[in-house]
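One structure is given here, and the rest of the page talks about it.
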Amino acid sequence: MTRVRLSRLPGERVRVSEEGATHEVAVADLPSYVSEREPETPRWVWDDTARWYPPLLAAGVRVARCHDLRLCRRLLARAPAVDPSLLAGDEAGLWDRLRPAAAAVTEPVLFSGDDALDHLRADVEDVRQLAAIDASPDAARLRLLVAAESAGALAAAEMTHAGVPWRVDVHEALLTEKLGPRPPRGARPRLLAECADDVRRVLDAPGLNPDSRPDLLAALRRAGVDVSDTRASSLRAVDHAVVEPLLRYKSLAHLFSTNGWAWIDEWVRDGRFRAVYQPAGSATGRWSSNGGGALSFPAQVRSAAVADEGWVLVVADVAQLEPRVLAGMSGDRALAGAARGADLYQGMVDAGAVATRQDAKLGLLGAMYGATSGESGRMVAGLTRRYPQAFGLVEEAARAGERGQVVRTLLGRGSPTLGGSWDESPDAPPADLHDLDRRRRSFGRFTRNFVVQGTGAEWALCWVADLRNRLWRLGARGALDDRPHLVLFLHDEVVVHAPAGLADAVAAELAEAATTAGRLLFRELPVDFPLTVSVVRSYAEAGKPGT
DNA sequence: TGGAGTTGCGCC
DNA sequence: AGGGCGCAACTCCA
């Protein structure tokens, strides 16, 4: 196992020793120290991984373990099984005020400018958090959760540092083919402009700007197209000559504005797309991204993600992550049985629970999202009898939410509370009862999904945390820059950039890490988490089976 | 003019 | 009257 030893030196420098190599890194007197509470596995404790780790990575230092005080404080403060009074004390209010450090893609940022926040006592806060965890009835699970949350933060910074290998020439060729040559600033590219002309011609609306929703809707109606909005799905439902060019226009306009030349200018440097992640950026614990749209970059440009010469991309995704997680956390052995194999939905068909794969998918997604009507709603009713524990768990989460209660993930992350006034003081302004009921149900759908989405995010965190260590060990004989490394993480999918000779070994580690994650979370009930793995030169070549 | 809110897209 | 997120552009209003 990789060992990182750290020691503070005078002159605001830190010495980092790792596998025989020693680095000195300049830092200021900031909230950070090395905890040797578990002497075999020293842990760098700091206020914010996004503040500390980028400059360390830039100095060539890889950190094996950390405890991210900001992320974990937030997590513990919202965890139902943690006594909030144990998080109170010196500087507690300041810790609560911390916001994620600004993305440090080019210049490392060690100072926020707010002196009080820049010099907090990391050791004091660390002790407080550990005590809060120790006192919790859910201590074991919370320990796993804070370790995974912190490891995820390390992985996020490492992925930003490494970047996705990006071929600007491939991307630009694709743009030119679909849109025409790069236009001057403010103008539409040629093929997009021609597409807009097609729309104007068919609608007989010469001055129309197809980007203006109200104008477009009015023009559509004048031409006899009966739609209530301009959404693609609404347009597809009508039969009119404008539909084809308009859908084509929307698709091209989206490519141009979201992943066009401007996106390249802003996000690709030195042949790398450096996505910026926010671990636990969403309420469920899923990551979000505030740079380059890393978690939503469209299939349209994935062909530009190309491995370096002699390297490959190993792409792995989990089929039906959330249904599998639901089976594990509810202890539903029938659903876990259907999950034994590559296709959970097909497993449900084979077990005779449902007629078709599509019905299985509709029913499960409907249960997790709270569908009440249509095909999906009907399937939920039937499947509830077959899988009472799994479907009962999300149903109970929904009812708890409707009562205004907090729900939690398997490892103990708590949902936000329902803001607003519906359950507050009786002398609040009398709100519309119908509106209150609508909000109550809406919150119930949120808590229903929260338990599954949030536990799915926990599985993924454990997967990534274990994987980054495995990849590090795998490349231990190579130089720092020759090691296989994570470059992208998309909720239930990862991309590893690896020397071609290590592709098979990486694929094996991906699967091992998935198995480990499943055992960590669902010790008592083993659930399969089969991966679809592709070894490719370009991300666009990766197999994308339906989920 | 600039910020907040809305719409619609696309990723999971 | 199906969950989460980011982003870009338009719209509205101070």
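Below, read A as the first sequence line, B as the second, and so on, with proteins coming before strands; counting in each chain starts at 1. Given the structure is predicted, the values throughout are model-derived calculations rather than measurements.
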Discussion item. Heavy atoms within less than 4.0 Å of DNA chain B: which residues of residues 181-209 of chain A have one? Give them sorted by number.
Written reply: none

Detail all sub-3.5 Å separations between protein N/O atoms and N/O atoms belonging to nucleotides 12-14 of chain C.
none

Worksheet, complete the sentence: A/L255 CG to B/dC11 P, in whole Å, measures 11 Å

Item to complete: Could you list all the side chain to side chain donor-acceptor pair (under 3.5 Å) pairs where at least one residue sits in residues 380-395 of chain A, not counting sequence neighbours?
Response: A/E395-A/R448

Practice prompt. Could you tell me whether a side-chain N or O of A/Q320 sits under 3.5 Å from a main-chain N or O of A/L344, the two making a donor and an acceptor?
Written response: yes

Worksheet item: Who are the side chain to side chain donor-acceptor pair (under 3.5 Å) partners of A/D215, not counting sequence neighbours?
Response: A/S212

Worksheet item: How is A/G454 classified with respect to the nucleic acid when contacts are heavy atoms under 4.0 Å: base, sugar-phosphate, or nothing?
Response: nothing

Worksheet item: In terms of side-chain heavy atoms of A/P214, which of C/dT11, C/dG2, C/dG4 is nearest?
Response: C/dT11

Discussion item. Any base atoms under 4.0 Å from A/A299, or only sugar-phosphate, or nothing? Heavy atoms, all strands.
Written reply: sugar-phosphate

Worksheet entry | d(CD, A/Q278; P, C/dG4) in whole Å | 19 Å

Discussion item. Run the ring pair (Phe, Tyr, Trp, His ring centres under 6.0 Å) test against A/H485 and tell me which residues pass, sequence neighbours left out.
Written reply: A/W311, A/H497

Discussion item. Please report the distance, rounded to the nearest Å, between CG in A/L252 and C1' in B/dC9.
Written reply: 14 Å

Worksheet item: In whole Å, what is the span from the CG atom of A/L216 to the C1' atom of B/dC9?
Response: 14 Å

Worksheet item: If you measure from the Lys or Arg side-chain nitrogens to the Asp or Glu carboxylate oxygens, is any gap between A/D197 and A/R201 under 4.0 Å?
Response: no

Worksheet item: Taking CD from A/E266 and P from C/dG6, how many angstroms apart are they, rounded to a whole number?
Response: 16 Å

Discussion item. Can a donor-acceptor pair be found, under 3.5 Å and without considering hydrogens, that links the side chain of A/D332 to the backbone of A/A390?
Written reply: yes

Item to complete: Identify which nucleotide among C/dC10, B/dC12, C/dC5 has an atom closest to any side-chain atom of A/L490, counting heavy atoms from C-beta outward.
Response: B/dC12

Discussion item. Below the 4.0 Å mark, does B/dC9 have OP1 or OP2 next to a side-chain nitrogen or oxygen of A/S251?
Written reply: no

Find every protein N or O atom lying less than 3.5 Å from an N or O atom of nucleotides 6-8 of chain B, and list the pairs.
residue, atom, partner, partner atom, Å
B/dT7, O2, A/R213, NH2, 2.8
B/dG8, OP1, A/T230, N, 3.3
B/dG8, OP1, A/T230, OG1, 3.1

Discussion item. Under the rule for ring pair (Phe, Tyr, Trp, His ring centres under 6.0 Å), what residues qualify as partners of A/F391, not counting sequence neighbours?
Written reply: none

Worksheet item: Taking only residues two or more places apart in sequence or in another chain, which ones pass side chain to side chain donor-acceptor pair (under 3.5 Å) with A/Q346?
Response: A/D350

Worksheet item: Is A/S257 near enough to C/dC7 that one of its side-chain N or O atoms lies under 4.0 angstrom from OP1 or OP2?
Response: no

Practice prompt. Determine, answering yes or no, if A/Y369 is stacked on C/dG3 under the 5.5 Å centre rule and the 30° plane rule.
Written response: yes

Fill in: Selection residues 235-263 of chain A - residue pairs positive for salt bridge (Lys or Arg N to Asp or Glu O under 4.0 Å), sequence neighbours left out
A/D198-A/R248, A/E244-A/R248

Discussion item. Test of understanding: with ring pair (Phe, Tyr, Trp, His ring centres under 6.0 Å), list the residues that count as partners of A/F489, not counting sequence neighbours.
Written reply: A/W287

Worksheet item: P atom, C/dG2 versus B/dG5: distance in rounded Å?
Response: 25 Å

Worksheet item: Counting any heavy atom closer than 4.0 Å, what does A/R445 reach on the DNA or RNA strands: base, sugar-phosphate only, or nothing?
Response: sugar-phosphate

Between side-chain atoms of residues 172-182 of chain A and protein atoms elsewhere (two or more places apart, or another chain), which donor-acceptor pairs fall under 3.5 Å?
residue, atom, partner, partner atom, Å
A/T176, OG1, A/E172, O, 2.9
A/R182, NH1, A/D265, OD2, 3.4
A/R182, NH2, A/D265, OD2, 2.7

Would you list the atom pairs, donor with acceptor, under 3.5 Å between side chains in residues 217-227 of chain A and any protein atom, with sequence neighbours excluded?
residue, atom, partner, partner atom, Å
A/R221, NE, A/V227, O, 3.4
A/R221, NH2, A/V227, O, 3.2

